[in-house]
Structure formats: structure tokens, C-alpha cells
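In this text, all values refer to a predicted model and were calculated from it rather than measured experimentally.
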Amino acid sequence: MIQPSEWGLVPFKGMDEKKAKEYQKFTVNAKGEELYEKKSFKDLIDSQRCIIIVEGFYEWMHVGAGKNLVKYPFYIAPKDEEFFFIAGIWNEWKNFTTKQSSLSSVIITSEANPLMAKIHNSKKRMPLMFHSSQVNNWLSRSLTREEVTSMIRPYDENRIKAHSITKKFNHFQKETTNIPEISDYVDYPELQMLIN
């Protein structure tokens, strides 16, 4: 079943909205290696795993440092499938004030594969992704902790494609990027040696 969800996990069943928003600022990503250590995730990882379906995602490459730092946006998309299937954790929480329930979720990350390490070169992380043939396994309630942990590894770089895109927009603000050309290729000659 596909459902919409707020990005940023609210890890507890009930909370006032202000507190929930504070949690969500810090729970947009979850390091796969820390899922069983962090309080926000360890009580949910075994029973409330999900898949977040996307056509692609954006990431920044950092070139230079300090005042000479230049950031280049990239669009990353699947090479052999229509969508990426990103691992996540979900939770349903109730707003104490409005009494309404909402779904929230967090994207799980892994170490970057070689291509993503070149692009996301500041942190060298990437979403934990699966081929469509692995989705049912991730969602299985019968997985042990060891089996979950064994699935946390970088996605095959041969199954993704990436290209630089325009710096004209803030790629993390949907109000300014909900246009078809946002993911169009833009050539930055100075990057060729870095990504090839």
C-alpha cells in the first residue's frame, strides 16, 4: 500500500506539534549503521520498515574550501528501473492539540558507492536503496537484526546515472523547483576531471 508521509520521523506515538517539528528537523536521515543504537529508530526498525519511492534525488558536490568553496548540484536517477526504492522507517503519531494522526518517515543512508563518493564528497553518504527484486525482503516482518544489518550496504554504482544541473534554483525547496527543467543537464567544464 502506497501512502503519503511527512519527511522527518516523529518517533513517538503522541506529541505536541512544536515538539514534533523539532524532532523532524533531526530525523530526515538515519545512518544505517546506527539504527539499533539511536533511541529514535531502534524501537521501530524491526517492525516499521518502509520503502520510499522516488524518480531520483539531488545531491551537492563541494569543490574547494573556505571562501573558495563552490557547490555544484547533481541529479541522481536509476539507470535500469523507473524508480529508486529507498529504505526507510515510518511511524504514525497523534498531535496532542488537534487530535489528528499523521504518518512520518525517515530515509536510511549507507556509505556511498564510488560514484556517489565523488558527488557527495563532503559526507560520502547515499540513500540505502534496493533493486525492485529486493523490496519484499526488506519489508518482511520476519527479518532478524543480523539480516537487516546485512542489507545496509551501498547500492551498485552501475545501476545509477548522475549529471550536474543548474545552480539557478534551491533544489531543496519544492516551491522553487516544481518545474520540468529542474533536472536538465548543465555542463560545468571545470568538473570534468573530478567526475570522470
Just list the side-chain donor-acceptor pairs under 3.5 Å for residues 61-79, sequence neighbours left out, or say none.
{"from": "Tyr72", "atom 1": "OH", "to": "Glu190", "atom 2": "OE2", "distance (Å)": "2.7"}
{"from": "Tyr75", "atom 1": "OH", "to": "Glu55", "atom 2": "O", "distance (Å)": "3.4"}

List the atom pairs, with distances to 0.1 Å, where a side-chain N or O of residues 11-21 and a protein N or O form a donor-acceptor pair under 3.5 Å, not counting sequence neighbours.
{"from": "Asp16", "atom 1": "OD1", "to": "Lys18", "atom 2": "N", "distance (Å)": "3.1"}
{"from": "Asp16", "atom 1": "OD1", "to": "Lys19", "atom 2": "N", "distance (Å)": "2.9"}

For a quick test of your reading: what N or O donor-acceptor pairs under 3.5 Å do the side chains of residues 38-48 make, sequence neighbours left out?
{"from": "Asp46", "atom 1": "OD1", "to": "Tyr36", "atom 2": "OH", "distance (Å)": "2.6"}
{"from": "Gln48", "atom 1": "NE2", "to": "Trp90", "atom 2": "O", "distance (Å)": "2.8"}
{"from": "Gln48", "atom 1": "NE2", "to": "Asn91", "atom 2": "OD1", "distance (Å)": "3.1"}

For residues 24-31, which side-chain N or O atoms pair as donor and acceptor with protein atoms under 3.5 Å away, sequence neighbours left out?
{"from": "Gln24", "atom 1": "NE2", "to": "Glu6", "atom 2": "OE1", "distance (Å)": "2.9"}
{"from": "Gln24", "atom 1": "NE2", "to": "Gly8", "atom 2": "O", "distance (Å)": "2.8"}
{"from": "Lys25", "atom 1": "NZ", "to": "Glu22", "atom 2": "OE2", "distance (Å)": "3.2"}
{"from": "Thr27", "atom 1": "OG1", "to": "Leu9", "atom 2": "N", "distance (Å)": "2.9"}
{"from": "Thr27", "atom 1": "OG1", "to": "Leu9", "atom 2": "O", "distance (Å)": "2.6"}
{"from": "Thr27", "atom 1": "OG1", "to": "Tyr23", "atom 2": "O", "distance (Å)": "2.9"}

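Interatomic distance, CG of Asn113 versus CG of Leu115, reported as 6.0 Å (0.5 Å rounding). The OG atom of Ser183 sits 6.0 Å away from atom NE2 of His163, with the distance rounded to the nearest 0.5 Å. Annotation: the span from Glu59 atom CD to Lys123 atom NZ amounts to 8.5 Å, rounded to 0.5 Å. For the atom pair OG (Ser102) and CH2 (Trp93), the distance works out to 5.5 Å, reported to the nearest 0.5 Å.
At a threshold of 4.5 Å between non-hydrogen side-chain atoms, the residues Ile107 and Ile52 count as touching. The side-chain heavy atoms of Ile86 and Val54, taken from C-beta on, include a pair separated by under 4.5 Å. Counting only heavy atoms from C-beta outward, the side chains of Phe84 and Phe130 never approach each other to under 4.5 Å.
When all heavy atoms are compared, the tightest approach of Ser164 to Leu191 is CB-CD1, 4.4 Å. Across all non-hydrogen atoms, the minimal contact from Arg49 to Trp138 is NE-O, 2.7 Å.
For Ser150, the side-chain contact (heavy atoms from CB on, under 4.5 Å) criterion is met by no residue, not counting sequence neighbours. Residues meeting the side chain to side chain donor-acceptor pair (under 3.5 Å) test with Glu147, sequence neighbours left out: Thr144. Checked against side-chain contact (heavy atoms from CB on, under 4.5 Å), Asp187 has the following partners two or more places apart in sequence or in another chain: Tyr185, Pro189, Gln192. Under the side-chain contact (heavy atoms from CB on, under 4.5 Å) criterion, Ser110 pairs with Met126, Leu128, Ile152, Pro154, not counting sequence neighbours. Taking the side-chain contact (heavy atoms from CB on, under 4.5 Å) definition, one finds that Ile53 meets it with Ile2, Ile51, Phe83, Phe85, sequence neighbours left out.
Cluster annotation: Met129 is connected to Ile119 through the hydrophobic network of ILVMFWY side chains, with a link wherever side-chain heavy atoms come within less than 4.5 Å. No single ILVMFWY cluster, assembled from side-chain heavy atoms under 4.5 Å apart, contains both Tyr155 and Val135. Follow the hydrophobic side-chain contacts under 4.5 Å out from Val106 and you reach Leu143 in the same cluster. Two different hydrophobic clusters hold Val10 and Trp7 under the rule that ILVMFWY side chains link at heavy-atom gaps under 4.5 Å.
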(message) Does Ile108 form a side-chain contact (heavy atoms from CB on, under 4.5 Å) with Ile89? I'd like the steps, not just the answer.
(response) CA-CA 8 Å; Ile108 298 172; Ile89 303 171; 3.9 Å; yes
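At most 12 heavy atoms of other shown residues, nucleotides or ligands fall within 6.0 angstrom of atom CD in Glu82.
For residues 152-161, the salt bridge (Lys or Arg N to Asp or Glu O under 4.0 Å) pairs, not counting sequence neighbours, are Asp80-Arg159. Listed by first and then second residue, the salt bridge (Lys or Arg N to Asp or Glu O under 4.0 Å) pairs involving residues 87-105 amount to none (not counting sequence neighbours). Among pairs with a residue in residues 124-133, those fulfilling side-chain hydrogen bond (donor to acceptor under 3.5 Å, both in side chains) read Glu33-Arg125, Glu81-Ser132, Thr109-Arg125, His131-Ser133, at least two apart in sequence or across chains.
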